[in-house]
Amino acid sequence: MVIRAAEENGTFIPHFCYHKKLSIAANCRMCLVDIEKAPKPMPACATPVTQGMIVRTKSEKAIKAQQSVMEFLLINHPLDCPICDQGGECQLQDLAVGYGGSASRYKEEKRVVFHKEVGPLISMEEMSRCIQCTRCVRFGQEIAGVMELGMAHRGEHSEITTFVGRSVDSELSGNMIDICPVGALTSKPFRYSARTWELSRRKSVSPHDSTGANLIVQVKNGKVMRVVPLENEDVNECWIADRDRFSYEALNSDARLTKPMIKQGGQWAEVEWTVALEYVANGLKGIKTEHGANAIGALATEHSTVEELFLLAQLVRGLGSDNVDTRLRQADFTTGAGARWLGLPIAELSTLDRALVVGSFLRKDHPLFASRLRQAAKRGAQISAIGGANDDWLISLSQRVTVAPSAWAQALADVAAAVAAERGVSAPAVGNATDAAKAIAASLLSGQSKAILLGNAATQHPQASSLQALAQWIAEQTGAKLGFLGESANTVGAQLVGAQPQQGGLNAGQMLAGKGLKAMVLLGVEPEFDTANPSAAMAAVQGADMVVSLSSFKTSANEYADVILPIAPFSETSGTFVNAEGRVQSFHGVVKPLGDTRPAWKVLRVLGTMLGLEGFAYETSEEVKARALGDLAALPAKLNNATSAAINLSASTGGLQRLADVPIYSADALVRRAPSLQATADGKAPVASLPQALWAELGLAEGAQVKVSQDGGSAVLPAVLDASLPANVVRVPAGHPATATLGASFGTVRVEKA
């Protein structure tokens, strides 16, 4: 189109409705240009370039056309720039200076559009400012995959609105705020809190999922005020998920921990750093002397930086133990030696021809990966899924196999059998080539670029190694790439820096099952929310003689910890994350640490020195990173999804099986404490989703409550009917206080009417 050609040649053409990532609407007419031999000015966004075409963007005809369009746009626009949140970064404001008149000829009454209530994230209070560019409508349809906003009525009565009484619930909805060229859609949490020119802008990286979205964090008076995307075509394009955008609220919340605390006689006392660190150092030395180094273990979340994880592992190994792990939700630890990664560049997800996604709640686990696969599907890619629930991914799937978690390995074996029959080779396991399996096999055997992607639930599955081995065999036979979607911001980094047992130490599963640990160091871990089996994990930490919690927030650590050390979240420390594709991204702290908070890498460095360990003399986080990751050019060689694990299809199938997703706003400590995210539809308290047969058997009606019991714990939850669930599966989310009393994410449960 003319507008793209002009842009590539450095010529600016004014526009509102055109956006390079959205389809062409040509409804603002601001980009009218003068094309030789055309009878009237033409919209540059909707006019294709042809050989020998002569376009004038600054001729009198073009300028006059643009000025008259601007006059029409300003006829009804309210003059509220001084109080408008968009002031200072408003396209209409900028272009009105160049193309608007100095006085209005319009004397009639201006139109008024009433405000809409669309949820806790987006404010539609001033819809009179809307210029009907429809960018938000097209974003919903084309990028987010769900048309939540639309235009009603005609002429001067046109207005953007939601479907009757609905809120905007997409996990990417905040991007509508960025692409609105006027102040009609604004950020509700940020509203009226700062002027854009008062904010200083600093680059950062999202600490949530494995995309590693690039952010611009905007700061005023040492406080994070707003987060917006930094465009990076290879990683997050120009979008970010709502949790990347709004989780900053937790950084300024009352839940922040600001002083080191020690429990004395059952009471918490605030102490100085030196006192707290000496207490920890002496405690660890004492336990090592009394019970041996193997009684000490450390657990960390994969939302921690490379530097923090490296120093934690060094600290534990320096004491003579190998009990260190980050795989808190995992149940099967026999999955191969290499660092597991996405298996292909993130950008390639948009161009795949074929994909099979196994065991993933894709839309909520990886909003931006889902968006890329949605673009691929629109281009004609065939995407298939094997999982335990029929969540709407807003992608047109070519095949979907929904079975109980214990049957996932069998479902993959069926696909392998179909591939083997088609290729005339012997299958790796006994499978039954069902119609769905044949369709998935046929899909994977055709097409050019293909991938088999294992989601979070597949990684956390009790048969994860069998799923990986089967997926590897299918990938080899079909020429597809095998990849892991990756759970957290630094899942790949944790593997690269050895924050997992290297010489036969206890893994996370063993430590959290209470295998005789006397001292536990928890880096950012909340055992009741972050682990595969919360009830066992809580018992394990309560059974230890000494628990050291390094946390940014006040947590239930008050119950089981002996020392709590306040550490800086991602906005207050420098560090590095390695995303799903193995891309190393470093960032700096954007504000000073709050109160007496300190960056975790500094706390661990001082602790290492106090314990008299070698190799803790680091001055900067860059030095730690250089030591931890070594030569960055050699990193790709360490990424390896190969496994030699045996395939085991037998799984305990008795009773009702639990399918536990981790809701998008329960996945880490930051989102759990962001009030606006918790007020969304996705932040609602968990419910027990029951299959049709069980619903009928218990004689439930709408609004009923059920008691779910598992591993000696129970929870009373509202029940909902989900007819898409397999007959022996009950879906009960994890990562939430309401379900923290239950056991393993994949286990048998008992359900009765409450």
Check: T680 and E171 side chains under 4.5 Å, non-hydrogen atoms: no
Over all atoms of both residues, closest heavy-atom pair of V137 and L149: CG1-O, 3.5 Å
Least distance between heavy atoms, F577 atom then P207 atom: CE1-CA, 3.7 Å
D353 side-chain N/O to Q448 backbone N/O, donor-acceptor pair under 3.5 Å: yes
Evaluation steps, side chain to side chain donor-acceptor pair (under 3.5 Å), between N175 and S173: CA-CA 5 Å; N175 294 299; S173 65; over 6 Å; no
Heavy-atom closest pair, residues K116 and I160: CE-O, 3.6 Å
Closest non-hydrogen atom pair, I664 against V671: O-CG2, 4.0 Å
Side chain H461, main chain A331, donor-acceptor under 3.5 Å: no
Verdict with supporting geometry, V358 and L453, side-chain contact (heavy atoms from CB on, under 4.5 Å): CA-CA 6 Å; V358 182; L453 303 167; over 6 Å; no
Working for side chain to side chain donor-acceptor pair (under 3.5 Å), residues S466 and N648: CA-CA 6 Å; S466 297; N648 172 24; 5.4 Å; no
Shortest non-hydrogen contact between A471 and I452, atoms and distance: O-CD1, 3.8 Å
Derivation of the side-chain contact (heavy atoms from CB on, under 4.5 Å) call for V401 and I440: CA-CA 10 Å; V401 177; I440 294 174; 3.9 Å; yes
With L368, the side chain to side chain contact (heavy atoms under 4.5 Å, CB included) member among T211, L373, V235, L349: T211
Non-hydrogen atoms of I395 and A370 that approach each other most closely: CD1-O, 3.8 Å
Distance flag, aromatic centroids of W393 and F361, threshold under 6.0 Å: no
Heavy-atom donor-acceptor pair, W695 side chain to L700 backbone, under 3.5 Å: yes
Lys/Arg N to Asp/Glu carboxylate O, K481 vs E348, below 4.0 Å: yes
Derivation and outcome, salt bridge (charged side-chain N to carboxylate O under 4.0 Å, His left out), residues R672 and E526: CA-CA 11 Å; R672 289 196 278 264; E526 298 179 61; 3.3 Å; yes
Side-chain donor/acceptor of E148 to backbone N/O of D169, under 3.5 Å: yes
Sub-4.5 Å side-chain heavy-atom contact between L485 and D365: no
Side chains of L742 and V749 in contact at under 4.5 Å (non-hydrogen atoms): no
Flag, side chain of S488 to backbone of T491, donor-acceptor distance under 3.5 Å: no
Any M124 side-chain heavy atom under 4.5 Å of V168 side chain: no
V415 side chain near K438 side chain, heavy-atom distance below 4.5 Å: no
Exam field: side chain R423 to backbone V419, donor-acceptor pair closer than 3.5 Å: no
Plane angle bin for W239 and H19 - parallel if under 30°, tilted between 30 and 60°, otherwise perpendicular: parallel
Ion pair R245/D178, N-O distance below 4.0 Å: yes
Any S745 side-chain heavy atom under 4.5 Å of Q460 side chain: no
Main-chain N/O of L725 paired with R731 side-chain donor or acceptor, under 3.5 Å: no
Lys/Arg-Asp/Glu bridge criterion (N-O < 4.0 Å) met for D682, K364: yes
Flag, side chain of T739 to backbone of P733, donor-acceptor distance under 3.5 Å: yes
Between F529 and H736, ring centroids under 6.0 Å: no
pair S167-T162: side-chain heavy atoms closer than 4.5 Å: no
Intermediate values then yes/no, side-chain contact (heavy atoms from CB on, under 4.5 Å), S210 and F369: CA-CA 9 Å; S210 60; F369 290 173; 3.7 Å; yes
Residues E231, K21: salt bridge by 4.0 Å N-O rule: no
Verdict with supporting geometry, Q375 and S350, side chain to side chain donor-acceptor pair (under 3.5 Å): CA-CA 6 Å; Q375 303 312 314; S350 311; over 6 Å; no
Minimum side-chain heavy-atom gap L394-V146 below 4.5 Å: yes
Expected output: side-chain E581 to main-chain W341 donor-acceptor under 3.5 Å: no
Candidate pair T334 and S465, rule side chain to side chain donor-acceptor pair (under 3.5 Å), full reasoning: CA-CA 6 Å; T334 56; S465 55; 3.3 Å; yes
Main-chain N/O of A494 paired with E302 side-chain donor or acceptor, under 3.5 Å: no
Verdict with reasoning, R243 to D209, per salt bridge (charged side-chain N to carboxylate O under 4.0 Å, His left out): CA-CA 9 Å; R243 63 173 160 197; D209 61 21; 3.4 Å; yes
